[in-house]
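Starting off with a structure, shown below.
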Protein chains: 2
Amino acid sequence: MELRHLRYFVAVAEELHFGRAATRLRIAQPPLSRQIRDLEREIGTPLFERVPRGVELTAAGSAFLPEARLTLAQAERAQRSAQRAAGGETGRLRVGFVEAATHSGILPDVLGFFRQHLPSVGLSLFELDPVRQADAFRDGRIDLGILHGPPLDADRWLRVETIYTEPVVLAVPRSHRLAGRVRFTLGGLATESFVMFPRAVAPAMYDDLVARCRSAGFSPRIVQEAAGWHTLVSLVGAGVGLGFVPRSLTTAQQHGAAYRTMRDLSVHMTLAAAWKSGERSPVRERFVMALRAVAGARSR
Amino acid sequence: MELRHLRYFVAVAEELHFGRAATRLRIAQPPLSRQIRDLEREIGTPLFERVPRGVELTAAGSAFLPEARLTLAQAERAQRSAQRAAGGETGRLRVGFVEAATHSGILPDVLGFFRQHLPSVGLSLFELDPVRQADAFRDGRIDLGILHGPPLDADRWLRVETIYTEPVVLAVPRSHRLAGRVRFTLGGLATESFVMFPRAVAPAMYDDLVARCRSAGFSPRIVQEAAGWHTLVSLVGAGVGLGFVPRSLTTAQQHGAAYRTMRDLSVHMTLAAAWKSGERSPVRERFVMALRAVAGARSR
DNA sequence: GCCCGCGATACCTTTCGGGTCTGGCCTGAT
DNA sequence: ATCAGGCCAGACCCGAAAGGTATCGCGGGC
C-alpha cells in the first residue's frame with residue numbers, strides 16, 4: 001500500500017464516480033480503476049460497490065475513508081515537521097552562558113524574541129563560567145555558549161563569534177580617598193590595590209587590562225580574585241580595592257561602590273557565541289542570528 | 001512522497017547505516033540511497049548528515065522520524081479498520097424487532113453475544129410492529145428486521161429468512177368454564193369468543209389459525225383485536241375471550257389467564273430476519289448468523 | 001429495442017524502482 | 001606516507017508497474 005492508493009481512494013470516495021475522480025487526479029479512468037482494484041486486493045475486501053450510476057462505499061470503504069484521510073494528513077504533518085525543524089522553528093537548544101549575558105540584557109532580549117517569534121523552540125539555560133562551558137561542550141551537554149571570548153583551550157573545534165562589546169569602567173569604594181574624584185587616568189592608579197576576575201573567565205580582557213596598566217608604567221597589584229561580577233563589586237564596596245567591570249553592571253547599584261569612566265581606558269568586555277564547529281543546527285543558527293540582532297540594537 | 005519513502009527512511013534512521021538498512025529492507029544500497037535522496041529533495045532539506053562511519057540524523061530528520069512512524073502506523077490502522085469492518089467486527093446496525101423477539105429470548109441472547117464477542121459493533125434497537133418495520137426499511141431507518149414472516153406488501157425487495165419457530169398455545173381465562181379442563185381440541189372451541197392479534201402482525205400465523213379452525217368446522221368469533229401479546233393475554237385474563245399465543249409467553253404469568261397446550265393445534269409462531277435484498281452488510285450478516293445460532297440452541 | 005453512461009478489460013508506452021559496477025572519500029593500520 | 005577497508009554516491013541497465021488509448025460489457029431509461 002502506498003500513499004498514492006490512499007489519495008486515489010479518497011478522491012473516488014468523495015466523487016463516488018471513477019471518471020470524475022480521475023479527472024480531479026489528472027489521470028485517466030482505467031489506471032484509476034486498476035489502482036483501486038489493487039488496493040482492494042491488498043486490503044482483502046471491496047471498498048466500493050459498483051452500481052449503475054457510479055459507485056457506493058461498502059462498510060469497509062466507509063471505515064477506511066476517515067482513516068485514509070488521517071494517514072494522508074499525518075504524512076503532511078511529518079513533512080511540515082521536518083521543514084519546520086530545518087528552518088529552526090522547532091527543536092531544542094541548550095545554552096550555556098556567563099553572568100554578563102544576563103546583566104548586559106542580551107540574553108533576556110533573545111529569550112523574549114524566541115518566546116514571541118519561535119514559541120515551539122525549547123530552550124534550556126545553564127549559567128556556566130567559560131571553563132565549565134568548554135567541559136559542557138566536550139560532553140555534549142550544551143549546543144551553544146555565550147562567553148567572553150575563546151576559552152583557554154579552544155583550538156579549532158569551537159567556533160567563536162563576537163556578538164557584543166561594552167566598555168569597561170572602574171569600580172571605586174566610596175570610602176576610597178579617590179572616591180570624590182571625577183576624572184581618572186590609569187597612570188594615577190599605579191599604587192592602588194585591585195580586585196580582579198580570574199583570568200580564565202575572560203582571558204583577552206584580562207590580558208588587555210594588564211597590558212594597559214603595563215604601558216601606563218605599572219603592574220596592577222591584585223589583592224583578591226573574585227569569580228562573578230556582583231561578588232567583585234561587593235568586594236570593591238567593602239573597600240578591598242579597585243575593580244574593572246563592564247559598564248552594564250552600573251545599573252545594579254551596590255552601596256559602598258561607585259563607578260567611574262576612565263578617559264584613557266579603552267578596554268572592552270566582549271560577549272561571544274560559541275559552538276562546536278562542523279555541527280549544523282538550524283535552531284542554533286536562529287539563536288545566533290537573534291543574538292546578533294539584539295546586540296546590534298543594544299549597541300546603537 | 002510515498003509510504004515507501006517513509007519505510008526506507010525509518011530503516012535508515014534506525015540503523016544509521018545505509019548498507020545495513022538496505023539489507024534489512026532486502027534491497028541493494030544504491031537504490032536506497034536514491035530513494036532517500038528523492039525524499040530529502042521533496043521535503044526540501046537533508047534528513048541525514050553523512051559522516052565517515054555512516055550517517056546521523058539532522059535536526060529535520062529527528063523531527064521527521066516520529067512523525068514518519070506515526071504515518072506508517074496510521075496506514076496500518078486504516079487497513080485493519082477496513083478489514084474489521086469487512087469482517088463485520090465493527091460498524092453499526094439498526095435493528096427493528098417485534099415484541100416476541102424479546103420474550104422468546106432470541107434477541108437478548110444475540111445482544112449478549114454481540115456485547116461479548118463483537119463489542120465494537122454499535123447496535124440500535126427499535127421495537128416496531130411489522131408494518132412499521134416495512135416503513136422503516138423503505139425509509140432506510142433500519143438495516144435488519146425481526147418479525148413474524150414476510151410483511152403483507154413485501155415482494156422481492158425484502159429478503160426474509162425464518163429463524164425460529166415456537167408452538168402456539170391457548171390462553172384461557174381462569175374464570176372460564178373450560179379453565180379446569182386439561183385436554184383441549186379445536187373442535188371443542190367452535191362456540192367460543194376469541195381475542196386475536198391483527199392479521200398484519202403475523203399474516204401467515206393468522207391465516208394458519210383461521211384455516212385450522214375452519215377445518216375443525218367453525219369460523220372463530222373474534223370479539224376483540226389486540227396488538228401486543230401481553231395486552232392480548234391481559235384481555236384474556238379479563239375474561240374477554242380465548243386467545244392463541246406463542247408458548248414463550250407462558251413464562252410471563254398473567255393472573256387471570258392460564259395456558260393450555262392443544263394436541264391437535266400444530267400452528268407455530270415464527271420469527272424471521274428480514275433485510276433489503278441486494279445490500280451487503282457484514283455486520284448484518286454477522287447478526288443473522290448469531291440469530292441462527294441462538295435460535296438453534298434454543299430449539300434444542 | 002436502442003442508446004447512453006459508467007466501470008472493466010486489453011494492450012501499448014513511459015516512468016521509475018531496483019540491480020550491478022564503480023568511483024571518491026575518509027579512517028585506521030602498517 | 002601509503003595502503004586497505006568501509007561507506008555512500010553516481011552511472012547505467014533491466015524489468016515492473018503506473019499511466020494512456022481504444023474498446024467492451026452491462027444496466028437503465030428513452
Side-chain angles (χ1 to χ4, degrees), chain A residues 1-43 45-58 60-61 64 68 72 75 156-157 276-280, chain B residues 1-43 45-58 60-61 68 72 75 155-157 276-280:
Chain A
M1 188 165 64
E2 295 294 341
L3 290 180
R4 179 185 54 256
H5 293 119
L6 303 184
R7 286 189 275 263
Y8 289 5
F9 167 78
V10 170
V12 176
E14 281 172 3
E15 299 288 347
L16 293 177
H17 189 290
F18 273 72
R20 282 196 299 274
T23 306
R24 212 175 83 180
L25 294 166
R26 306 183 178 283
I27 63 171
Q29 170 259 317
L32 177 57
S33 286
R34 201 154 63 90
Q35 292 296 320
I36 296 294
R37 174 170 56 72
D38 292 349
L39 176 62
E40 289 177 327
R41 196 163 293 175
E42 179 167 359
I43 290 181
T45 183
L47 300 170
F48 295 104
E49 192 176 346
R50 279 66 171 175
V51 293
R53 285 256 154 272
V55 293
E56 288 173 3
L57 282 166
T58 62
F64 192 59
L72 293 171
R156 219 139 276 97
W157 60 276
K276 264 184 161 162
S277 58
E279 278 187 3
R280 288 204 31 98
Chain B
M1 188 165 63
E2 293 294 340
L3 290 179
R4 180 187 53 257
H5 293 118
L6 302 185
R7 285 188 276 262
Y8 288 6
F9 167 79
V10 170
V12 176
E14 280 171 4
E15 299 288 348
L16 292 178
H17 190 292
F18 274 73
R20 283 196 299 274
T23 307
R24 211 175 84 184
L25 294 166
R26 304 182 179 285
I27 65 171
Q29 170 260 316
L32 177 57
S33 286
R34 201 154 64 89
Q35 292 296 321
I36 296 293
R37 174 170 55 73
D38 292 348
L39 176 61
E40 289 176 326
R41 198 163 290 176
E42 180 168 358
I43 290 180
T45 183
L47 300 170
F48 295 105
E49 191 177 348
R50 278 67 172 175
V51 293
R53 286 255 154 273
V55 293
E56 289 174 1
L57 282 166
T58 62
L72 292 170
D155 350 25
R156 220 138 276 97
W157 60 276
K276 265 184 160 160
S277 59
E279 277 187 5
R280 288 202 34 95

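Chain A is the first sequence line, chain B the second, and so forth, proteins listed ahead of strands; every chain is numbered from 1.
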Atom-pair distance (CG on Leu25(B); P on dG17(C)), nearest Å: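 The distance from CG of Leu25(B) to P of dG17(C) comes to 14 Å, rounded to the nearest Å.
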Arg41(B) CZ - dA9(D) P separation (whole Å):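 Those two atoms, CZ and P, are 11 Å apart.
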Any Ser33(A) side-chain N or O less than 4.0 Å from OP1/OP2 of dA8(C):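 So the side-chain polar atoms of Ser33(A) do come within 4.0 Å of the phosphate oxygens OP1 or OP2 of dA8(C), strictly under.
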Verdict with supporting geometry, Glu2(B) and Arg7(A), salt bridge (charged side-chain N to carboxylate O under 4.0 Å, His left out): CA-CA 10 Å; Glu2(B) 293 294 340; Arg7(A) 286 189 275 263; 2.8 Å; yes
Under 4.0 angstrom between Arg37(A) side-chain N/O and dG7(C) OP1 or OP2: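 No, because none of the side-chain N or O atoms of Arg37(A) sits under 4.0 Å from OP1 or OP2 of dG7(C).
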Between dG7(C) (P) and Glu49(A) (CD): distance, integer Å: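 The distance from CD of Glu49(A) to P of dG7(C) comes to 13 Å, rounded to the nearest Å.
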Report all interatomic pairs (protein N or O, nucleotide N or O of nucleotides 12-19 of chain D) with separations under 3.5 Å.
residue : atom : partner  : partner atom : Å
dA18(D) : OP1  : Arg4(A)  : NH2          : 3.3
dA18(D) : OP2  : Gln35(A) : NE2          : 3.2
dA18(D) : O5'  : Gln35(A) : NE2          : 3.0
dA18(D) : N7   : Arg34(A) : NH2          : 2.9
dG19(D) : OP1  : Tyr8(A)  : OH           : 2.9
dG19(D) : OP2  : Tyr8(A)  : OH           : 3.3
dG19(D) : N7   : Arg34(A) : NH2          : 3.2

Integer-rounded Å distance: dT15(C) C1' and Glu2(B) CD: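 Roughly 14 Å, once rounded to whole Å.
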Presence of His17(A) side-chain N/O under 4.0 Å of dG5(C) phosphate oxygens OP1/OP2: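 Indeed not, no polar side-chain atom of His17(A) lies that close.
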Geometric class of the Phe48(A)/Phe18(A) ring pair [parallel <30°, tilted 30-60°, perpendicular >60°]: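 Ring orientation, 0 to 90° scale: perpendicular.
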Length of the CD1-P vector between Ile36(B) and dG17(C), whole Å: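 That distance rounds to 12 Å.
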Under-4.0 Å salt bridge between Arg280(A) and Glu49(B):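 Salt bridge flag = no for Glu49(B) with Arg280(A).
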Distance, rounded to the nearest Å, where Arg7(B) contributes CZ and dG18(C) contributes C1':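 Spelled out: CZ on Arg7(B) to C1' on dG18(C) is 15 Å.
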Axis bend over the full length of the helix from dG1(C)-dC30(D) to dT30(C)-dA1(D), computed from five pairs that close each end, to 10 degrees: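 It comes to 10° between the two terminal axes.
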Interatomic distance where CZ belongs to Phe48(A) and P belongs to dA8(C) [whole Å]: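 Rounding to the nearest Å, CZ of Phe48(A) and P of dA8(C) are 10 Å apart.
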Output a table of nitrogen or oxygen pairs between the protein and nucleotides 25-30 of chain C separated by less than 3.5 Å.
none

